[in-house]
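Please read the structure below before turning to the comments.
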Protein chains: 2
Amino acid sequence: MRDVAALAGVSLKTVSRVVNREAGVSPDVTARVERAVAQLGYRHNLAASNLRRAHGRSAMVGAVLQDVSNSFSASLLRSLEDEARDRDVAIVASSLDEEPERERSIVESLVRRRVDGLLLVPATERQDYLADDLRNGLPVVFVDRRPQGVDTDSVTVDNGLGARLAVDHLVAHGHRRIAMVGDMPSIQTAQARLEGYRSALRHAGVEPDPALAAMSVRSSDDAIAAVYRLLDLDDPPTAIFAARNSLAVGAIRALHQRGLAGRVALVGFDDFPLADIVDPPLTVVRQNVRTIGAEVAKRLFARIDGDTSAPHHVVLTPELVVRGSGEIRP
Amino acid sequence: MRDVAALAGVSLKTVSRVVNREAGVSPDVTARVERAVAQLGYRHNLAASNLRRAHGRSAMVGAVLQDVSNSFSASLLRSLEDEARDRDVAIVASSLDEEPERERSIVESLVRRRVDGLLLVPATERQDYLADDLRNGLPVVFVDRRPQGVDTDSVTVDNGLGARLAVDHLVAHGHRRIAMVGDMPSIQTAQARLEGYRSALRHAGVEPDPALAAMSVRSSDDAIAAVYRLLDLDDPPTAIFAARNSLAVGAIRALHQRGLAGRVALVGFDDFPLADIVDPPLTVVRQNVRTIGAEVAKRLFARIDGDTSAPHHVVLTPELVVRGSGEIRP
DNA sequence: TTGAAAGCGCTACCAA
DNA sequence: TTGGTAGCGCTTTCAA
């Protein structure tokens, strides 16, 4: 910037004005400065400029997701990006892989970078570690899971309801032996879905069989193994509720490999891009990711813009999408 | 930091040393400073600290992708992240949606943020606008498409070869009326795939029929319409080569809707997560995204670490993955 | 409309 | 082992 000022024969401050498009610089001087900028290939340094700025914003937000390569995280990221784009806010994305220690270190790293806000899909059970930063006014919006130990905005879906929708649907199609494949019960959503599954069964007059609830299933490959074990039971299930999309994918693969693709009913939780063209087309409980993403972006930027109202907890209602796999009869 | 220094009864510089874990501070002083840091909830400011640092790194890299929500972009992002994680480098991700103007503005914004390097899947035809920054030593690695008008590292696959693999395979299964659905010919990869398609046909003694080459098909929905038009021809194709994964998805949907799912052969370009469980399982030409991503990360960080050798142009070889849809006979 | 000086939060350099 | 001073690239404040 000093070089630009020298070349244009003006002061530092004038270059600053031109670069920031502040009013009150004569067209003549503006042109001279812009010529110097182009000639020297000068690039304005955003970090340095924000350092002295009153608000001290970095024009970055952090997106702390489960795994940017899964479709739920990726769509969330995209929704946030669409909103951030208009504001010239950059997004720093990182994946947790459900590792609590990574969450803390990533959040810490983002705070050190002075992000203006955070979208967080937590992997930890409690987020007390955020207390200081929240008190200092860092906007944080939780997604998919509610904050524990601190209070801040969240956007979630009603997981219990979603599970009941799935199980009710299977019951309505004549099933009584309904298995569930779910993630670790320590994960809030997995636990809520498990409870919804059990409550729907009881409501249908079926006592949940612990042998049919395969929990702590983490990956698609784990789900294949889990479904194999379920199918090998003496009294195997006639229907499966796969409580996360990657688990549903594993279940589909397992059923294919066993030649049971059109014989055992399957309902997934979370839609994914090709669920309508797998074989058979997958019936799912859908949480509308675009709606979630838009809601999150709205909250986050409202906070960044100074909204200091009490934390909002938005709970969205999932819906059943009927496609075929859930309508197979026992 | 001043407050921390005051509370701990030491100088600014000493706090700086403790915070940066520099050697040569007595355990006693270190403990005092750390207590003050905790008590005040002090957060080190990375931007400010890098401002004065010799190398002036921001510890951020930019990933300029087509669309973070598509699986190719998302996987690329993830591969880069895995490498960046070890180095405490953050990733700023943005989507282009194939819009050239966005590319320039995003790159400019990233340069203003002083990212240490750039992964770029360009939407522009030429990238002369990067010349200044490249000359200034900004590391940029192109992915999927080669740079035009400037020279810098790139990681691509042999698109012509990939298209020939697909068409040869269909020819080997008895097809002569082979259609192609492709993106805009102005996109380098789309053009290369079109040429590969034509050359494979000619090599098989089939004169390419322009009516069978549906180009400028942009989205999955466009692909549905395009396949409909192809199927409505007087002499419709018995096989389709879909030259991008979203186009293959559209083609699958169209074939399903027409009840031709197992009757018309289909080979896609680019694998995607569920290609093996769609109906029928999709035969594809695969470019291994993890390999690409790892290669990109390797190049990018090598440059950031000071590698000033001539630009590397890595060309990877795609492979045919046989799954069923490509082996349907006419 | 323009500029000079001080300072944002931190680190480099050199001295104690 | 510790601290003081200058300065990173920019903006703020106030004066001209």
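Labels below follow one simple rule: chain letters A, B, ... track the order of the sequence lines, proteins then strands, and each chain is numbered from 1. Keep in mind it's a predicted model, so treat the numbers as computed, not measured.
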Given DNA chain C, 5'-ward residue of the pair B/Ser16 and A/Ala23, judged by closest heavy atom = A/Ala23
Paired stretches of DNA chain D - 3 or more consecutive Watson-Crick or G-U pairs, each distance under 3.5 Å = C:1-16 with D:1-16
Going by the side-chain contact (heavy atoms from CB on, under 4.5 Å) test, name the single residue among A/Leu120, A/Asp133, A/Val115, A/Leu138 that passes it with A/Leu110.
-> A/Val115
Basic-acidic side-chain contact under 4.0 Å: B/Lys298, B/Asp153 = no
Return the 5'-most residue of the pair A/Arg114, A/Thr14 with respect to DNA chain C, ranking by each residue's nearest nucleotide.
-> A/Thr14
Looking at B/Leu80, B/Val296, B/Val141, which hits side-chain contact (heavy atoms from CB on, under 4.5 Å) with B/Phe301?
-> B/Leu80
Check every atom of C/dT11, C/dG3, C/dT2 against the side chain of A/Val25 and return the nucleotide holding the closest atom.
-> C/dT2
Base C/dG3 paired with A/Arg17 side chain (donor-acceptor, <3.5 Å) | yes
Output the single nucleotide from C/dC10, D/dG3, C/dG7 whose closest atom is nearest the side chain of B/Leu12.
-> C/dC10
Cationic N near anionic O, under 4.0 Å, A/Arg112 to A/Glu108 = yes
Base, sugar-phosphate, or nothing: which does A/Val29 touch, judged by heavy atoms less than 4.0 Å apart?
-> sugar-phosphate
Among the nucleotides C/dC10, D/dG3, D/dT11, which one has an atom lying closest to any side-chain atom of B/Arg52?
-> C/dC10
Proximal nucleotide (of D/dT11, C/dG9, C/dC10) relative to the B/Arg2 side chain = C/dG9
Who are the salt bridge (charged side-chain N to carboxylate O under 4.0 Å, His left out) partners of B/Asp28, not counting sequence neighbours?
-> B/Arg32
